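For reference, the structure discussed in these notes is given below.
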Amino acid sequence: MNAEIRPVKTAAEIGLADLFAAARQTLPGGSRTEALRLEAFDRFSESGLPHARLEGWKYTDLRRLVRDAKPLAPLSDASKVDAAVPGAALADLGLRRLLIVDGVFAPDLSDLASLEAGVSIRSATEALAADESVLLSGAERDPAASLNRAFAASGVVIAVAPDVVLERPIHLAYVTTTGTPSAMFTVSRLEVGERARVTLIETHEGPDLSDYQVNTALQLTVADDAEFDRIKLTGEGAAALHIATLQAEIGARVRYREFGFTTGGAVVRNQLLVTLAGKGTDAQIHQASLLAGRQHADTTLVIDHVAAGSQSREVFKAVVDDEARAVFQGKITVQQGAQQTDARMMARALLLSDEAIANCKPELEIFADDVQCGHGTTTGALDDQLKFYLMARGIPEKEAEALLIQAFVGEVIDAIDREDLRGALSRIMTDWLKGRG
């Protein structure tokens with residue numbers, strides 16, 4: 001007789017079940033959306049929080065890292081938010097800012113005036129209430145995505161019509177203001193039409209002394225012959241948990257650029273699931289992390305080449321100080337019909353202390369025979385000879401280290417086309433380096 005073995009539920013998993021039971025009737029959506037939420041939470045209940053025995057979560061064990069379930073964030077008075085705070089580092093760049101306060105879209109504080117013809121911006125809450133398809137798809141693949149699908153109640157829905165060229169980048173500014181332990185679940189959707197040109201910037205910020213949790217998702221569809229750039233800055237508070245999921249489907253002959261920059265948060269997981277579904281697309285994905293203290297930042301990337309003749313380049317760089325830990329898991333899949341694929345992936349980590357840790361795991365899965373694919377990884381300390389060279393010319397030790405770190409990270413920042421954005425990111429890096437003492 002075989003006894004059925006069931007894993008013991010953690011306090012966080014029990015708390016999440018109680019939270020969903022209490023909140024499900026208040027979440028927006030019709031019968032179809034409610035059914036999707038129930039299915040997603042049932043799937044999560046079966047799997048529980050992701051743990052180290054799951055290959056995709058090998059280095060980020062949420063069963064260990066998440067001790068309890070936070071209550072859903074209360075509705076905040078968005079009018080009390082200091083308009084100068086969210087995304088302050090980008091304030092002078094002329095962006096069209098859309099403000100999400102404590103997980104809820106705040107249209108009254110957002111720049112919705114004079115939208116370009118062919119552009120629509122709506123609240124995801126309204127779209128969910130109308131039973132539209134807004135919730136994260138493919139959530140069955142991932143427990144964190146299942147949680148987002150079950151709980152997500154706000155965000156933005158953006159549609160850009162074919163041939164529209166956005167002169168002003170769209171800025172999704174997520175800010176947490178609550179000082180009590182809270183959880184926020186958001187989902188947004190962006191549809192970019194054929195031949196359109198769009199730049200999307202995301203910033204995530206919150207107070208250092210607040211123990212809050214963020215689970216956010218973006219569904220992205222880019223049609224044929226479009227140009228799309230996305231820059232995501234994760235600067236959460238020092239005690240925050242931040243989990244973000246990108247699901248992107250990219251059409252044919254698209255110029256796709258993705259850049260991620262992580263400096264804040266106690267535990268951060270950025271997972272990017274990108275499908276290159278059309279022929280001749282060029283995708284460039286760059287990520288950089290600056291970590292100190294006991295921060296844990298995980299970038300997990302899956303890029304799926306489905307059609308022939310596409311190209312992708314993925315570069316990940318991490319600077320890790322003190323007892324922090326950087327994780328990169330990257331997987332390139334080339335499907336059987338994706339001949340003439342050219343895909344390269346590189347991960348590099350710079351360790352600034354003996355206690356710093358970097359885990360890099362690039363993978364290739366190839367089902368076609370006419371391809372050029374490669375991956376690599378390096379981990380090491382600052383070059384002592386270069387450091388000595390700078391110090392021998394009168395540069396103090398900390399300044400010499402800062403120059404070498406700036407050169408190391410500068411390669412990925414330089415991949416951004418806009419000079420003003422490169423300057424803003426360089427200033428963020430400079431502030432982080434100053435914090436090293």
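The structure displayed is predicted, hence computed values, not measured ones.
Annotation: side chain of I366 is in contact with side chain of C373 (closest heavy-atom distance under 4.5 Å). The side-chain heavy atoms of K331 and L301, taken from C-beta on, include no pair separated by under 4.5 Å. Side-chain contact between Y174 and V101: absent, with no pair of heavy atoms (C-beta onward) separated by less than 4.5 Å. Between E411 and V409 the shortest side-chain heavy-atom distance does not fall below 4.5 Å. Residues L276 and I303 form a side-chain contact, since some pair of their non-hydrogen atoms from C-beta on lies under 4.5 Å apart. You'll find the side chain of V319 stays beyond 4.5 Å of the side chain of L291, heavy atoms only. With contacts defined as side-chain heavy-atom distances shorter than 4.5 Å, the pair L38/F20 qualifies. No side-chain heavy atom of T186 sits less than 4.5 Å from a side-chain heavy atom of V214.
Side-chain contact of Y212 with E236: a donor-acceptor pair under 3.5 Å is present, judged by distance alone. No side-chain donor-acceptor contact under 3.5 Å links T377 and R348. With no hydrogens or angles considered, a side-chain donor-acceptor pair links D102 and T177 at under 3.5 Å. Judged purely by distance below 3.5 Å, without hydrogens or angles, the side chains of Q271 and D142 pair a donor atom with an acceptor atom. Side-chain contact, H305 with S312: a donor N or O sits under 3.5 Å from an acceptor N or O. With no hydrogens or angles considered, no side-chain donor-acceptor pair links Q213 and S182 at under 3.5 Å.
For the pair S154 (side chain) and F105 (backbone), a donor-acceptor distance under 3.5 Å is present. Between the side chain of S210 and the main chain of P207, no donor-acceptor pair closer than 3.5 Å is present. The backbone N or O of H51 lies less than 3.5 Å from no partner atom in the side chain of R64, so there is not a single donor-acceptor pair. Panel note: side chain D322, backbone A292; no donor-acceptor pair is recorded below 3.5 Å. A donor-acceptor pair is defined here as one N or O able to donate and one able to accept, closer than 3.5 Å; no such pair exists between the side chain of T333 and the backbone of D304. Checking side-chain atoms of R97 against main-chain N and O of L172 turns up no donor-acceptor pair under 3.5 Å. For the pair N215 (side chain) and A144 (backbone), a donor-acceptor distance under 3.5 Å is present. Of the possible polar contacts, none joining the D211 side chain to the P181 backbone as a donor-acceptor pair under 3.5 Å is found. Although no hydrogens or angles enter the test, the distance criterion places a donor-acceptor pair under 3.5 Å between the side chain of Q295 and the main chain of T263. With hydrogens and angles ignored, the 3.5 Å screen pairs no side-chain donor or acceptor of E202 with any backbone N or O of H171.
Annotation for L27 and A150: closest pair CD1-O, 3.4 Å, computed over non-hydrogen atoms. Nearest heavy atoms, T234 versus K232: OG1-NZ, 2.8 Å. Considering every non-hydrogen atom in both P143 and P50, the closest pair reads CB-CD, 3.7 Å. A pairwise comparison of heavy atoms in A69 and G15 identifies CB-C, 3.6 Å as the closest pair. Of all heavy-atom pairs between A356 and V320, the closest is CB-O, 3.5 Å. Of all heavy-atom pairs spanning R230 and L272, the tightest one is NH1-CD2, 4.4 Å.
Legend: residues meeting salt bridge (Lys or Arg N to Asp or Glu O under 4.0 Å) with R253, ordered by chain and number and at least two apart, are D225. A search for ring pair (Phe, Tyr, Trp, His ring centres under 6.0 Å) contacts involving F328 returns F316, not counting sequence neighbours. H242 is linked by a ring pair (Phe, Tyr, Trp, His ring centres under 6.0 Å) to H204, counting only residues two or more places apart in sequence or in another chain. With sequence neighbours left out, E116 forms a salt bridge (Lys or Arg N to Asp or Glu O under 4.0 Å) with R96. Listed by chain and residue number, nothing satisfies the salt bridge (Lys or Arg N to Asp or Glu O under 4.0 Å) test with K58 (two or more places apart in sequence, or in another chain).
Residue R168 places its CZ atom among more than 12 non-hydrogen atoms of other residues, nucleotides or ligands, all under 6.0 Å distant. Applying the 6.0 Å contact sphere to CZ of R418 captures more than 12 heavy atoms from other residues, nucleotides or ligands. Heavy atoms of other residues, nucleotides or ligands lying less than 6.0 angstrom from CZ of R197 number 12 at most.
Using a cutoff of 4.0 Å between basic side-chain nitrogens and carboxylate oxygens, E132 and R122 are scored as salt-bridged. Electrostatic pairing of E55 and K361 counts as a salt bridge here, judged by a charged N lying under 4.0 Å from a carboxylate O. Checked for salt-bridge contact, R37 and E39 miss the test: no charged N lies under 4.0 Å from a carboxylate O. Taking a cutoff of 4.0 Å between a charged side-chain nitrogen and a carboxylate oxygen, D131 and R32 do not qualify as a salt bridge. Ion pairing of R344 with E314 is absent here, as no side-chain N (NZ or NE/NH1/NH2) approaches a carboxylate O to less than 4.0 Å.
For residues 272-282, every residue pair satisfying the side-chain hydrogen bond (donor to acceptor under 3.5 Å, both in side chains) rule, not counting sequence neighbours, is listed here: R257-D282, D282-Q284, D282-Q311.
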Query raised in the report: Yes or no on side chain to side chain contact (heavy atoms under 4.5 Å, CB included) for I405 and L350, after CA distance, side-chain angles and deciding distance?
Result: CA-CA 8 Å; I405 293 168; L350 183 61; 4.1 Å; yes
**Report entry** R436/D321 under salt bridge (Lys or Arg N to Asp or Glu O under 4.0 Å): CA gap, chis, key distance, verdict
**Finding:** CA-CA 9 Å; R436 293 189 66 222; D321 204 355; 2.8 Å; yes
Requested in this report: Tell me, with the steps shown, if L200 and D229 meet side chain to side chain contact (heavy atoms under 4.5 Å, CB included).
Outcome: CA-CA 6 Å; L200 176 71; D229 294 72; over 6 Å; no
Requested in this report: Using the side-chain hydrogen bond (donor to acceptor under 3.5 Å, both in side chains) rule, take Q287 and N270 through it: C-alpha gap first, then chi angles, then the decisive distance, then the call.
Outcome: CA-CA 10 Å; Q287 299 277 320; N270 284 311; 4.9 Å; no
Report task. Please assess F261 against I428 for the test side chain to side chain contact (heavy atoms under 4.5 Å, CB included), listing each intermediate value before the final yes or no. Result -> CA-CA 10 Å; F261 198 35; I428 293 173; 3.8 Å; yes
Requested in this report: Begin from the C-alpha positions of T300 and Q329 and carry the test side-chain hydrogen bond (donor to acceptor under 3.5 Å, both in side chains) through to its verdict.
Outcome: CA-CA 5 Å; T300 294; Q329 300 181 106; 3.0 Å; yes
Report task. With side chain to side chain contact (heavy atoms under 4.5 Å, CB included) as the test, would you mind laying out the steps for I121 and L112 before giving the verdict? Result -> CA-CA 8 Å; I121 299 175; L112 299 176; 3.9 Å; yes
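To the nearest 0.5 Å, the span separating CD1 on I100 from CG on L109 amounts to 11.0 Å. In this structure, CD1 in I250 is found 12.5 Å from CZ in R255, a value given to the nearest 0.5 Å.
The aromatic rings of F41 and F151 stand perpendicular to each other, their planes meeting at an angle above 60°, with 30° marking the opposite boundary.
A cation-pi geometry, defined here as NZ or CZ lying under 6.0 Å from the six-membered ring centre and within 45° of its normal, does not hold between R427 and W432. By the 6.0 Å and 45° rule, K317 stacks over the aromatic ring of F408.
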